[in-house]
Structures are given as structure tokens and as C-alpha cells.
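Below is one structure, written out as C-alpha cells; the observations come after it.
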Amino acid sequence: MDVVLPKIKITDPGDGLKFSFTPREIWFEIGFGNGDSLAAWHRENPDVGFVGCEPFINGFSNLCKLIADDDLSNIRIWNEIAQPLIDAFPDQSIARVYLLNPDPWHKKRHAKRRFIQQDMLTQLSRILKPGGMLLMTTDHADLGEWMLEQATMHPDFTGTASTTAPDGWLTTRYEGKGAKAGRTQKYLVFTKT
Ligand SMILES: C[S@@+](CC[C@H](N)C(=O)[O-])C[C@H]1O[C@@H](n2cnc3c(N)ncnc32)[C@H](O)[C@@H]1O
């Protein structure tokens with residue numbers, strides 16, 4: 001973390017999209033956990049700018065380990081909750097938003113704490129380019145229904161849920177654990193209309 005984090009850390013949300021080159025697109029991951037997907041994507045897509053956020057210290061320290069030997073020019077990290085960063089992103093600046101296995105908040109009275117709500121979808125719509133993608137996954141049945149319902153009822157998004165992973169999908173550690181335990185992963189792929 002001492003070596004890698006200072007090179008990739010976003011210290012001011014307003015500087016979240018500052019890269020040393022002009023990326024072809026920006027892909028944004030919310031709550032990257034241990035960072036396995038982000039590490040693999042940034043390596044495979046050097047012309048894409050990646051912004052990841054994760055408040056969990058063990059998560060971003062693991063990501064630092066995973067990418068320590070990489071070219072770090074296309075990856076930036078915000079090690080706090082996503083909201084201030086989203087607020088600071090310019091309109092129509094992001095091509096893809098990934099939200100993989102967000103916390104389920106499974107008690108009914110806690111549903112308002114779920115990341116995906118109508119207000120949040122409006123904010124994500126603001127930062128996404130027209131035709132931009134919102135990709136969400138979960139193996140929690142209620143949360144899957146909730147995210148599908150929320151995204152379907154929002155006027156700015158169109159899409160579907162499937163139990164088949166999109167082409168080229170990378171399985172996260174969390175997703176792998178769920179599959180071993182016999183849970184079914186849902187993939188929700190939405191486009192900003
Ligand atoms: C169940 S874990 C999934 C991690 C990873 N996406 C995966 O699939 O393995 C949910 C993650 O979301 C992060 N998180 C929760 N609320 C967040 C927020 N408001 N902004 C960004 N990350 C958040 C948590 O710290 C946690 O690491």
C-alpha cells in the first residue's frame with residue numbers, strides 16, 4: 001500500500017477522472033471488494049480508464065498487491081464510499097458502471113440501505129453516456145428481484161436479468177464462494193436509454 005496506493009489514490013473527488021492519457025472510455029466499479037475483477041480488467045484493457053471505489057481497507061490493500069507490478073496509468077482508486085465520487089463525476093462521463101454483489105441488506109426494514117434505489121439510479125444515469133451500461137450481479141434472490149424491479153421501473157434504463165454470465169465474464173471471489181455453496185448468481189445488464 002505504501003508504494004502502490006499513492007500512485008493510484010484519488011484524494012479529491014473532483015480529480016477522479018484525471019489520467020495521464022486520454023482513455024477510450026471510463027469504466028467505474030463500485031465496491032470492488034478484493035479487487036480481482038478490477039485488476040484483471042485494467043490489465044486486459046490498457047486503453048480504458050478504470051475508477052474503483054472500496055471503503056474496506058483489506059480490499060484495497062489486496063488490490064494493491066494484485067497490481068503492484070503493473071503499469072498503473074489506467075487505474076485510479078477512491079478508498080471511501082462511492083457517493084461523493086459519483087456526485088463529482090461530470091455528466092455523461094462514464095461508459096460502464098459495475099456493481100458486483102452489493103451488500104444485500106436482507107431484512108425488509110433495511111431495504112432503504114440497499115445501494116440501488118431510484119435516486120441512485122438517477123445519479124448513475126446522469127454520469128453514464130447514452131448507451132452506457134450498468135452491470136449488476138447478486139446471488140441473493142430478494143436483492144436480485146429488488147435491483148431488477150428498481151432498474152426496470154426507472155425511466156432511463158432498459159435491460160434484463162439472466163442466470164447466464166455475459167460473454168467474457170470474470171468470476172469474482174465472492175461469486176465463486178456462492179457457486180460452491182450452491183447459490184445461483186443473477187446478472188443484470190442494463191443500458192442507459
Ligand atoms: C459483498 S461485497 C462484494 C465485493 C466484490 N464486489 C465482489 O463481488 O467480490 C460488497 C462490497 O461493497 C462495499 N460497499 C458497501 N457500501 C459501499 C458504498 N456505499 N460505496 C462503495 N462500496 C461499498 C463493501 O465494502 C464491500 O466490499
Side-chain angles (χ1 to χ4, degrees), residues 1 5 8-13 16-17 26-44 50-67 75-89 94 96-107 110-128 133-147 150-151 161-166 168-190:
M1 277 174 63
L5 198 58
I8 60 172
K9 186 176 166 156
I10 299 166
T11 47
D12 177 344
L17 300 185
I26 308 285
W27 298 3
F28 173 44
E29 183 173 10
I30 299 167
F32 59 71
N34 286 307
D36 309 87
S37 303
L38 201 52
W41 294 331
H42 105 95
R43 244 172 254 140
E44 285 174 9
F50 288 89
V51 180
C53 62
E54 175 53 65
F56 172 51
I57 186 168
N58 292 358
F60 62 81
S61 80
N62 190 66
L63 174 71
C64 288
K65 260 188 253 165
L66 293 174
I67 62 174
I75 184 162
R76 308 215 59 208
I77 297 305
W78 172 248
N79 55 247
E80 291 177 35
I81 59 166
Q83 284 82 346
L85 197 57
I86 294 172
D87 288 346
F89 283 155
I94 310 288
R96 293 189 191 182
V97 173
Y98 286 92
L99 180 68
L100 309 183
N101 309 300
D103 296 324
W105 293 108
H106 53 269
K107 288 186 184 149
H110 289 159
K112 278 281 165 208
R113 297 185 192 178
R114 289 176 173 168
F115 193 84
I116 289 296
Q117 310 279 346
Q118 291 302 291
D119 282 357
M120 178 51 74
L121 287 166
T122 299
Q123 292 179 52
L124 295 179
S125 165
R126 181 188 68 75
I127 63 171
L128 275 168
M133 289 168 77
L134 169 61
L135 298 108
M136 306 178 283
T137 60
T138 185
D139 63 7
H140 188 277
D142 285 354
L143 179 64
E145 286 303 316
W146 171 275
M147 293 197 298
Q150 293 290 319
S162 166
T163 50
T164 308
W169 191 258
L170 283 159
T171 302
T172 69
R173 196 175 298 188
Y174 184 87
E175 190 177 330
K177 271 196 218 162
K180 266 194 197 148
R183 294 194 291 268
T184 304
Q185 187 79 350
K186 261 201 186 139
Y187 304 87
L188 292 87
V189 180
F190 278 77

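Quick note: residue numbers are just sequence positions, from 1. Ligands are counted one by one from 1 in listed order, and the atoms in each one are counted from 1 as well. This one's a predicted model, so the numbers in the text were calculated from it and none came from an experiment.
When each of Tyr98, Trp41, Trp78, Phe89 is tested with Phe28 by the rule ring-ring contact (aromatic ring centres under 6.0 Å, His included), just one qualifies, namely Phe89.
Note: Phe32 CZ to Leu100 CG = 12.0 Å, rounded to the nearest 0.5 Å.
Counted by atom type alone, Gln150 and Gln117 present zero donor-acceptor pairs between their side chains at under 3.5 Å.
For the pair Arg96 and Trp27, the cation-pi test (distance below 6.0 Å, angle within 45°) is passed.
Looking only at side-chain heavy atoms (C-beta outward), Met1 and Phe60 come within less than 4.5 Å of each other.
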message: side-chain contact (heavy atoms from CB on, under 4.5 Å), that's the test. Do Arg183 and His140 meet it? Break it down for me.
response: CA-CA 8 Å; Arg183 294 194 291 268; His140 188 277; over 6 Å; no
Do any nitrogen or oxygen atoms of ligand 1 lie under 3.5 Å from a protein nitrogen or oxygen, and which ones?
unit_1: ligand 1; atom_1: 6 (N); unit_2: Gly31; atom_2: O; d: 2.8
unit_1: ligand 1; atom_1: 6 (N); unit_2: Leu100; atom_2: O; d: 2.7
unit_1: ligand 1; atom_1: 8 (O); unit_2: Leu100; atom_2: O; d: 3.4
unit_1: ligand 1; atom_1: 8 (O); unit_2: Asn101; atom_2: ND2; d: 2.7
unit_1: ligand 1; atom_1: 8 (O); unit_2: Thr172; atom_2: OG1; d: 3.2
unit_1: ligand 1; atom_1: 19 (N); unit_2: Gln83; atom_2: OE1; d: 3.3
unit_1: ligand 1; atom_1: 20 (N); unit_2: Ala82; atom_2: N; d: 2.9
unit_1: ligand 1; atom_1: 25 (O); unit_2: Glu54; atom_2: OE2; d: 2.5
unit_1: ligand 1; atom_1: 27 (O); unit_2: Glu54; atom_2: OE1; d: 2.8
unit_1: ligand 1; atom_1: 27 (O); unit_2: Glu54; atom_2: OE2; d: 3.1

